[in-house]
**Q** 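First the structure, then my questions, so here it is.
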There are 2 protein chains.
Amino acid sequence: MPHNVKLILPALEDIFLVTPKVNAPQEASGPRMAIYKAAIELFGENGYTATSMRDIAKKVGILPGSLYAHIDSKEALLLEIVESGIKRFLSIESNIAASLEPPEARMRSAIKAHMTAISENLKKYSVVFQQWRYLSGENRTRAVEMRRQYAQSFTNILTQGIESGDFRADLDMRVTVFSILGALNWTIEWYSATGTMTAEEVGDKMADTLLQGLRSDASVKKQTSKKRR
Amino acid sequence: MPHNVKLILPALEDIFLVTPKVNAPQEASGPRMAIYKAAIELFGENGYTATSMRDIAKKVGILPGSLYAHIDSKEALLLEIVESGIKRFLSIESNIAASLEPPEARMRSAIKAHMTAISENLKKYSVVFQQWRYLSGENRTRAVEMRRQYAQSFTNILTQGIESGDFRADLDMRVTVFSILGALNWTIEWYSATGTMTAEEVGDKMADTLLQGLRSDASVKKQTSKKRR
DNA sequence: CCTACCGATCGGTAGG
DNA sequence: CCTACCGATCGGTAGG
């Protein structure tokens, strides 16, 4: 089944500069935001293709045709959700890249911030991780590029850690970065906000294990003697 | 959108005992197997709800209505794919549980075998991990139960490792098991059989990092002095 | 934001 | 395995 919905969208720089009303919900409420939130819920719960515009309209409380007074298309709605989620991650990344902490502390911060972001809107990130593939053409290309950029920021921390001698020199970049991201992103499958652990605790526990796994022998010895003190 | 396709299916024990023709493709070829394989490809690439029976029929080279001479319904096809995938994992698990190796070696075997299984049919496991939620009613319940059982086998290895002193006593079971499964299952997003690494190499690299992360202080010291020898 | 509707496509079936 | 078809539902639009 082809996904060749045609969308004429502003270039990336235009989004950052002018943010036209049609492309991002600025208002904290209003019909447009209600549609956006309903779409997150339904796309997250049932998936993009299994959700009809009629489902969204019903949840919002208007008739199906009326949706198009506020949005351009179903795919535009998906694009908006996916991009806002990845942008959140990219903004985390740029904060951490700017910090002066050593690699291990930077990695822990990145893991915890990522986990916190996911926990704040599990359904949204379920859409970001699993539904982006229903974007077509350049929308899809753009989303893939943004994800790649984010993954690169983890690679950078790893590289610096290896150079400083904190991390093992035999790490495979690709396997390691995707293992960390996989452990993090898989949380949408099991983490529940109503559980006993906060997102920060989960992030800390995850970092405890993953960081010990990354450490070089020299770094391990320093670390264990530190604990024993 | 409700998924209330009604399916009358044999009970679990019947599947194991008699395996009626209608429920699992025994033949390595034939029209039924062709449909099964086409469904894996299409569900894996485009998702269950975005794939139509007409898409499947076209790929197989028959007319849409003719599919129903071989299968019961679209959902029955999905169920078959999902269950066969999880059963593969459960059979890995029972082999490893029966082995007499220490916890760390068992965990490495489990990680490598899991990774190898995924690599042998990436599209199938993409369906297993991402499309199972379109199962309805008891089909879904059964799949969830089988997954839970598999995750439990990782918990068992962890528990034994902590008791033996090989693994850190401060591990959170839930976080740790799902981190390992997350790192493994996320590979469907990035692992390519045409890449430079074999699945075994990826599994080994992953185990190197994850296992070091699991080790207790005592176990770490033994391990680093072993390496230096 | 509603009324009323478009053409296309959906999973599945009766009868052969 | 094909012919011919069912009722239901899809994303989206013209005109108000």
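The chains referred to below are lettered A, B, ... by the order of the sequence lines, with proteins before strands, and numbering in each begins at 1.
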**Q** State the dot-bracket string of DNA chain D. Criteria: Watson-Crick or G-U wobble, both atom distances under 3.5 angstrom; notation: ( ) intrastrand, [ ] crossing earlier pairs, | interstrand, . unpaired.
**A** ||||||||||||||||
**Q** Could you list the donor-acceptor pairs under 3.5 angstrom formed by side chains in residues 117-124 of chain A, with sequence neighbours left out?
**A**
unit_1	atom_1	unit_2	atom_2	d
A:Ser119	OG	A:Thr116	O	2.8
A:Glu120	OE1	A:Arg88	NH1	2.9
A:Asn121	OD1	A:Lys124	N	3.2
A:Lys123	NZ	A:Glu41	OE1	2.9
A:Lys123	NZ	A:Glu45	OE2	2.8
A:Lys124	NZ	A:Ser84	OG	2.8

**Q** For C:dC10 and B:Ser52 - does any side-chain N or O of the residue sit under 4.0 Å from the phosphate oxygens OP1/OP2?
**A** yes
**Q** Just the rounded figure in Å: distance from P of D:dG12 to CD1 of A:Ile56.
**A** 10 Å
**Q** Using ring pair (Phe, Tyr, Trp, His ring centres under 6.0 Å) as the criterion, list what pairs up with B:Phe178, not counting sequence neighbours.
**A** A:Trp190
**Q** Does NZ belonging to A:Lys37 count more than 12 external heavy atoms closer than 6.0 Å?
**A** no
**Q** Can you list everything that forms a side chain to side chain donor-acceptor pair (under 3.5 Å) with B:Thr196? Sequence neighbours excluded, please.
**A** none
**Q** How close or far is atom C1' of C:dC1 from atom NE2 of A:His70, stated in whole angstroms?
**A** 7 Å
**Q** Write out all pairs satisfying salt bridge (charged side-chain N to carboxylate O under 4.0 Å, His left out) with one or both partners inside residues 183-205 of chain A, taking only residues at least two apart or from two chains.
**A** A:Arg108-A:Asp204, A:Lys112-A:Glu200, A:Lys112-A:Asp204
**Q** From C-beta outward on A:Met53, which listed nucleotide comes closest to its side chain: D:dG11, C:dG12, C:dC1?
**A** D:dG11
**Q** Strictly under 3.5 Å: I want the nitrogen or oxygen pairs between protein and nucleotides 2-5 of chain D, one per line.
**A**
unit_1	atom_1	unit_2	atom_2	d
D:dC2	OP2	B:Leu63	N	2.9
D:dC2	OP2	B:Ser66	OG	2.8

**Q** In terms of side-chain heavy atoms, does B:Tyr36 have a donor or acceptor partner in B:His70 at a distance below 3.5 Å?
**A** no
**Q** Quick check on the 6.0 Å ring-centre criterion: do B:Phe154 and B:Phe89 meet it?
**A** no
